[in-house]
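Just below is one structure, and these are the notes that go with it.
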Amino acid sequence: MDLRFLNAEPTAAERHAVEALGAGSRDQLLPALHAVNDRIGWISQGALNHICRRLNVPPAEAYGVASFYALFSLKERPPRVIHVCTDLACRVNGAEAVTEAFDAAGIAWHRSPCLGVCERAPAALAFEAGDPAELRLLAPATRENAVREPAEWVEDSVSVPQQGESGLRLLRRVGVVDPGSLDAYRAAGGYAALRNALLLGPAGVIREVTDSGLMGRGGAAFPTGRKWDAAARQPERTRYLVCNADESEPGTFKDRVLIEGDPFALVEAMTIAAFAIGAQKGYVYLRGEYPRALEMLRDAIDMARERGFLGENILGRQGFSFDIEIRRGAGAYICGEETAIFNSIEGFRGEPRSKPPFPVEKGLFGKPTVVNNVETLVNIPLILTEGCEAYRRIGTERSTGPKLFCLSGNVRRPGVYEVPFGTTLAELLELAGGVPEGRELRAVLLGGAAGGFVRPDETTLPLTMEDARAAGTTLGSGVVLALDDQADIGGFLVRIAAFFRDESCGQCVPCRIGTVRQEEALHRIVGGRRLSTGGDDLALLREVGQVMRDSSICGLGQTAWNAIESAIDRLGALEERS
């Protein structure tokens with residue numbers, strides 16, 4: 001192993017931050033980087049040397065990991081850093097006015113990709129290094145409130161406009177039941193599903209989930225029961241469960257709302273999943289930009305462990321032991337890809353792995369692993385309390401159950417909405433109050449930056465996996481971002497292209513080069529400039545997009561062209577500029 005250290009030593013504070021984690025191996029690299037960055041505000045060469053010596057990691061590799069994540073800094077910076085979201089939802093709701101206010105007040109700030117609070121756009125996140133570090137979120141941010149001291153920032157927490165309505169299932173406790181009380185959760189039906197699972201046995205639980213027709217809610221829509229069954233059948237006795245809570249798709253925030261408003265539901269659901277597949281350890285890979293979700297989930301896990309719902313012999317079931325560890329992400333969209341999560345947890349750069357082998361065969365630490373996102377998992381207690389037949393009666397024959405959608409952009413009541421699959425896009429937009437008075441709907445982006453646009457005359461589209469596919473679009477992770485007639489579609493597309501260029505991990509050539517060429521062509525088209533060679537930028541876009549779709553390693557490159565292509569073909573965008 002090449003352990004070539006530069007001549008730099010850690011400060012006492014840096015040393016203390018690392019050593020407070022205790023002994024560890026390479027998989028503790030990400031927590032160690034967080035510890036130093038939180039305490040000092042940046043990661044010096046001396047701190048990196050100290051981390052490498054303790055974890056036996058080559059310094060060059062540790063540098064590669066530390067430099068991979070947007071929330072870490074390898075250059076000295078002030079203890080306070082303010083991130084202003086300038087991504088899709090914030091862009092159309094006045095983010096530029098917030099940045100202008102910071103500039104006018106002489107306050108240093110950084111442009112940030114989506115902060116995951118699109119329902120309260122625009123948003124700003126203040127990070128203050130210290131012991132402990134402080135993260136404060138301001139949403140919505142305005143010219144007036146943004147320039148106050150972060151200690152005075154107040155976060156509006158209304159995210160579920162349907163709060164308290166009858167008929168809700170996944171959101172029924174959010175805003176109604178105290179999310180910090182295990183007793184309140186149990187009084188509202190919590191942990192009845194786990195008891196039912198213990199009666200059914202692992203095979204019975206997998207059968208219920210399979211018969212329910214539950215498909216993954218993260219975008220791929222893979223049958224959950226099939227995934228669990230494949231992992232449970234592996235001969236390896238050590239298996240892992242990973243909850244993907246790194247929802248970094250611009251316009252997505254439902255998993256954050258679920259964790260903040262009903263954290264015990266996720267803990268219970270993960271425990272049921274672990275029982276079914278035979279996993280002894282679970283990880284929640286949580287976005288680094290979610291300070292409140294982190295606090296709520298940590299408390300819920302600690303309480304569940306203290307009361308016998310996690311740990312050894314859960315609920316008196318001999319041999320059933322399971323525990324959960326939270327791993328904080330650090331600002332990398334690509335880590336929402338399931339195999340990139342494995343690399344990140346293991347202490348490597350968060351780059352996707354080639355498949356096969358598939359995660360259920362060889363995943364985290366080389367062992368069989370199931371990866372589900374938060375929304376997928378919180379469907380599990382519902383299935384095991386109401387039964388698979390009752391669950392199938394919700395939604396449609398092929399898209400079963402309730403679905404959460406994240407409405408943002410130019411709508412009157414943005415937030416997370418729960419509706420049965422099969423609800424039309426028009427009905428969903430009506431729930432959110434439609435576009436502001438005096439405006440007209442211009443387009444709707446479904447599925448986020450990796451999704452596609454639909455026109456106002458296409459809003460009769462039933463929101464199901466199969467109908468979206470037949471219409472040439474996708475539901476993705478549930479993003480519904482409305483744009484009114486004042487939206488700058490060209491600028492919006494440039495921002496999507498910039499997002500993918502920034503977030504490409506650079507591992508494969510088609511994505512690394514293609515995302516750059518895509519952004520360059522869009523800048524020329526939107527700016528009214530043509531290729532100096534006299535070529536056709538639209539033709540170039542199509543060629544580059546097809547190459548990325550056909551030959552990129554993972555879904556980022558494969559979908560980086562989707563929204564731009566749909567804007568051109570469905571909306572007629574860029575035609576007058578070409």
Side-chain angles (χ1 to χ4, degrees), residues 193-194 196-198 200-246 266 268-285 319-325 335-346 352-384 387-388 391-392 398-401 465-466 469 476-477 553-555 558:
L194 177 58
N196 289 344
L198 296 179
L200 286 169
V205 171
I206 292 176
R207 186 169 54 251
E208 273 303 286
V209 174
T210 301
D211 291 347
S212 74
L214 174 65
M215 293 183 289
R217 303 302 201 235
F222 191 84
T224 304
R226 281 178 54 191
K227 182 184 287 188
W228 288 16
D229 184 59
R233 291 178 182 274
Q234 297 300 314
E236 285 271 9
R237 299 194 60 171
T238 300
R239 299 165 192 155
Y240 291 99
L241 173 69
V242 174
C243 171
N244 183 352
D246 192 59
L266 178 59
E268 180 183 11
M270 290 185 67
T271 308
I272 294 168
F275 176 67
I277 68 171
Q280 298 80 36
K281 180 71 178 287
Y283 289 87
V284 177
Y285 192 90
F320 175 34
S321 301
F322 175 68
D323 214 336
I324 298 172
E325 180 178 338
C335 286
E337 198 275 340
E338 59 183 2
T339 62
I341 289 179
F342 302 155
N343 278 338
S344 185
I345 291 175
E346 292 175 19
R353 302 174 181 176
S354 296
K355 294 183 281 191
F358 295 99
V360 294
E361 301 163 330
K362 188 176 181 181
L364 185 63
F365 302 116
K367 303 298 182 182
T369 306
V370 163
V371 183
N372 291 128
N373 80 329
V374 176
E375 185 190 354
T376 305
L377 286 164
V378 297
N379 275 268
I380 301 303
L382 176 61
I383 293 168
L384 292 183
C388 63
Y391 186 87
R392 289 193 71 93
R398 296 173 61 188
S399 294
T400 63
M465 305 291 188
E466 60 273 14
R469 194 177 303 113
S477 56
I553 288 176
C554 80
Q558 293 163 12

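Quick caveat: nothing in here was measured; it's all calculated off a predicted structure.
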Please report the interatomic distance [atom1]([X]) to [atom2]([Y]), rounded to the nearest 0.5 Å.
{"X": "Gln234", "Y": "Thr369", "atom1": "CD", "atom2": "OG1", "result": "10.0 Å"}
{"X": "Leu241", "Y": "Ile324", "atom1": "CG", "atom2": "CD1", "result": "7.5 Å"}
{"X": "Tyr240", "Y": "Lys281", "atom1": "OH", "atom2": "NZ", "result": "7.0 Å"}
{"X": "Ile383", "Y": "Arg392", "atom1": "CD1", "atom2": "CZ", "result": "10.0 Å"}
{"X": "Ile380", "Y": "Met270", "atom1": "CD1", "atom2": "CE", "result": "12.0 Å"}
{"X": "Asn196", "Y": "Leu384", "atom1": "CG", "atom2": "CG", "result": "6.5 Å"}

Show me the donor-acceptor pairs within less than 3.5 Å that the side chains of residues 353-363 make with the rest of the protein, sequence neighbours left out.
{"residue": "Arg353", "atom": "NE", "partner": "Asn343", "partner atom": "OD1", "Å": "3.0"}
{"residue": "Arg353", "atom": "NH1", "partner": "Gly363", "partner atom": "O", "Å": "3.2"}
{"residue": "Arg353", "atom": "NH2", "partner": "Asn343", "partner atom": "OD1", "Å": "3.1"}
{"residue": "Arg353", "atom": "NH2", "partner": "Glu346", "partner atom": "OE1", "Å": "3.1"}
{"residue": "Arg353", "atom": "NH2", "partner": "Glu346", "partner atom": "OE2", "Å": "3.0"}
{"residue": "Lys355", "atom": "NZ", "partner": "Glu338", "partner atom": "OE2", "Å": "3.1"}
{"residue": "Glu361", "atom": "OE1", "partner": "Phe358", "partner atom": "N", "Å": "3.0"}

List the atom of [X], the atom of [Y], and the distance in Å for their closest heavy-atom pair.
{"X": "Gly218", "Y": "Thr376", "value": "N-OG1, 4.3 Å"}
{"X": "Gly225", "Y": "Ile206", "value": "O-CG2, 3.9 Å"}
{"X": "Ala197", "Y": "Phe275", "value": "O-CE2, 3.2 Å"}
{"X": "Pro352", "Y": "Ile553", "value": "CB-CG2, 4.5 Å"}
{"X": "Cys243", "Y": "Asn373", "value": "SG-C, 4.4 Å"}
{"X": "Asn379", "Y": "Tyr391", "value": "OD1-OH, 2.7 Å"}

Salt-bridge criterion met for Arg233 and Asp229 (N-O under 4.0 Å): yes
Note, Phe342 side chain near Val371 side chain (heavy atom, < 4.5 Å): yes
Pairs where residues 203-231 contributes a residue and the test ring-ring contact (aromatic ring centres under 6.0 Å, His included) is met, not counting sequence neighbours: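 Found none.
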Is a side-chain donor or acceptor of [X] paired with a backbone partner of [Y] at a separation under 3.5 angstrom?
{"X": "Glu268", "Y": "Leu194", "value": "yes"}
{"X": "Thr400", "Y": "Gly213", "value": "yes"}
{"X": "Arg398", "Y": "Glu466", "value": "no"}
{"X": "Arg217", "Y": "Val374", "value": "no"}
{"X": "Ser344", "Y": "Ile341", "value": "no"}

Side-chain donor-acceptor contact under 3.5 Å, Gln280 with Thr238: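 Not at all, the side chains of Gln280 and Thr238 share no donor-acceptor pair under 3.5 Å.
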